[in-house]
2 protein chains.
Amino acid sequence: MDYQNYVLMLKAMADPNRLKIIDLLSCGSLCACDILEHFDFSQPTLSHHMKVLQNAGIVTARKEGKWQHYTLQAEFTAKFRQGTELLLASNEECVCHGDDCIDQQTSHSRKVVITNEKS
Amino acid sequence: MDYQNYVLMLKAMADPNRLKIIDLLSCGSLCACDILEHFDFSQPTLSHHMKVLQNAGIVTARKEGKWQHYTLQAEFTAKFRQGTELLLASNEECVCHGDDCIDQQTSHSRKVVITNEKS
DNA sequence: CGTTTACATAGATATAGGTCTATATTGTAG
DNA sequence: CTACAATATAGACCTATATCTATGTAAACG
């Protein structure tokens with residue numbers, strides 16, 4: 001997995017209002033008007049935020065009459081946790097062991113550590 | 001926990017370059033010049049990104065001679081996972097059950113679900 | 001002491017993003 | 001068909017931010 005999708009999720013989540021929307025939806029589906037009641041911003045602003053969340057694969061929309069029902073995408077939770085674990089793990093799955101990685105033998109800081117490290 | 005610190009982490013992580021820096025550091029400490037080798041941007045830009053990561057509590061810096069050694073903050077991993085679980089959990093720890101939450105009995109969409117739901 | 005190396009800071013610039021008002025679209029009900 | 005209600009789209013505006021060049025600072029070295 002490259003981090004493209006994970007970054008997309010992070011960007012969508014990195015807004016207090018959208019994070020609150022996700023939190024609301026983690027308790028179950030809601031329509032736009034119900035979500036809007038929890039915020040001070042305008043309806044078009046909510047529409048914008050919901051589109052961001054959909055584009056990131058975090059939320060799905062299901063139209064029912066006049067109402068848009070928003071639901072947390074089932075795969076989101078698993079995918080986000082997976083991306084997080086992949087990022088934070090220091091094992092061989094770590095991306096930095098790929099072709100774009102540090103050459104630990106020629107690393108400058110490694111040389112310094114050998115000659116100057118005191119602790 | 002309010003989400004303030006979690007949002008700060010998310011904002012710092014929601015950049016492909018900073019995400020790659022975190023990934024690099026998940027394999028161990030590195031000095032600025034070693035990190036810089038993996039990127040095309042300038043040294044001041046890296047300095048900026050490292051400051052963002054420090055302000056978010058993700059990275060710590062330790063000066064050793066001329067070199068700045070950057071390390072993933074020990075608490076970051078745990079705190080981020082904790083914030084993620086708190087966000088995605090649909091149990092009573094969910095923030096939306098606080099005073100700023102949905103009144104599920106008077107929810108408009110709930111009424112609609114009862115009268116119009118087919119599936 | 002002067003030079004080089006590693007990094008930080010200052011300031012400029014350009015793009016991204018969050019918000020608004022105004023308006024369009026779509027569905028429901030009379 | 002008309003009116004209203006729920007949501008989406010368009011476009012403007014402003015702030016945040018990612019980047020750069022130029023310069024400052026601090027440590028090591030001859």
Side-chain angles (χ1 to χ4, degrees), chain A residues 7-22 25 29-56 58-71 107-118, chain B residues 7-22 29-56 58-71 107-113 115-118:
Chain A
V7 173
L8 202 64
M9 291 179 182
L10 287 172
K11 283 193 183 210
M13 296 167 71
D15 175 90
N17 291 324
R18 284 196 295 263
L19 200 63
K20 186 173 169 183
I21 293 171
I22 295 174
L25 291 177
S29 300
L30 288 173
C31 79
C33 55
D34 283 335
I35 298 175
L36 190 56
E37 286 177 2
H38 295 79
F39 296 95
D40 291 330
F41 51 63
S42 65
Q43 173 268 323
T45 297
L46 176 65
S47 200
H48 161 72
H49 285 312
M50 297 317 294
K51 182 179 270 184
V52 172
L53 289 172
Q54 289 179 75
N55 289 339
I58 295 177
V59 158
T60 53
R62 170 179 48 94
K63 194 158 194 177
E64 200 163 312
K66 293 185 291 185
W67 292 275
Q68 275 284 16
H69 286 258
Y70 293 106
T71 311
S107 164
H108 188 73
S109 68
R110 177 151 182 84
K111 282 185 290 186
V112 171
V113 166
I114 291 172
T115 54
N116 285 355
E117 190 77 81
K118 288 175 290 297
Chain B
V7 172
L8 200 65
M9 290 179 184
L10 287 172
K11 284 192 181 207
M13 295 167 71
D15 175 272
N17 291 323
R18 285 197 294 264
L19 200 63
K20 185 173 169 183
I21 293 171
I22 295 174
S29 299
L30 288 173
C31 78
C33 54
D34 283 335
I35 297 175
L36 190 57
E37 286 177 1
H38 296 79
F39 296 95
D40 291 330
F41 52 62
S42 65
Q43 173 267 320
T45 297
L46 176 65
S47 199
H48 160 72
H49 285 312
M50 297 317 295
K51 182 179 270 184
V52 172
L53 289 171
Q54 289 179 76
N55 289 339
I58 295 178
V59 158
T60 53
R62 170 178 49 93
K63 193 159 195 177
E64 201 163 313
K66 294 184 292 185
W67 291 275
Q68 274 284 16
H69 286 258
Y70 293 106
T71 310
S107 164
H108 188 73
S109 69
R110 177 150 183 83
K111 282 185 290 187
V112 171
V113 165
T115 55
N116 284 355
E117 188 78 81
K118 287 173 291 297

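Throughout, a chain's letter reflects where its sequence line sits, starting with A, and its residues are numbered from 1.
In this structure, CH2 of B:Trp67 is placed 11 Å from P of C:dT5, rounded to the nearest angstrom. Rounding to whole angstrom units, CD1 of residue B:Ile21 and P of C:dC7 are separated by 13 Å. In this structure, A:Lys66 atom NZ and C:dT26 atom C1' are separated by 10 Å, rounded to whole Å. The distance from atom CG of A:Asn55 to atom P of C:dG17 is 11 Å, rounded to the nearest whole Å. As a whole-Å value, the separation of B:Leu30 CG from C:dA6 P is 15 Å. In this structure, B:Asp34 places its CG atom 10 Å from P of C:dA6, rounding to the nearest Å.
Looking at A:Lys20, its side chain never comes within 3.5 Å of a backbone N or O of A:Phe39 through a donor-acceptor pair.
Every residue two or more places apart in sequence or in another chain that forms a side chain to side chain donor-acceptor pair (under 3.5 Å) with A:Thr71 is listed here: A:Ser29. Remark: A:Thr60 engages no residue in a side chain to side chain donor-acceptor pair (under 3.5 Å) (not counting sequence neighbours). Remark: B:His48 pairs with no residue by the side chain to side chain donor-acceptor pair (under 3.5 Å) rule, at least two apart or across chains. Scanning for side chain to side chain donor-acceptor pair (under 3.5 Å) contacts around B:Ser47 gives an empty result, with sequence neighbours left out. With sequence neighbours excluded, the residues that form a side-chain contact (heavy atoms from CB on, under 4.5 Å) with A:Leu36 are A:Phe41, A:Gln43, A:Leu46.
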Along nucleotides 8-20 of chain D, 5' to 3', which nucleotides get a B, which get an S, and which get a -, given that the test is a protein heavy-atom distance under 4.0 Å?
BB--------SBB

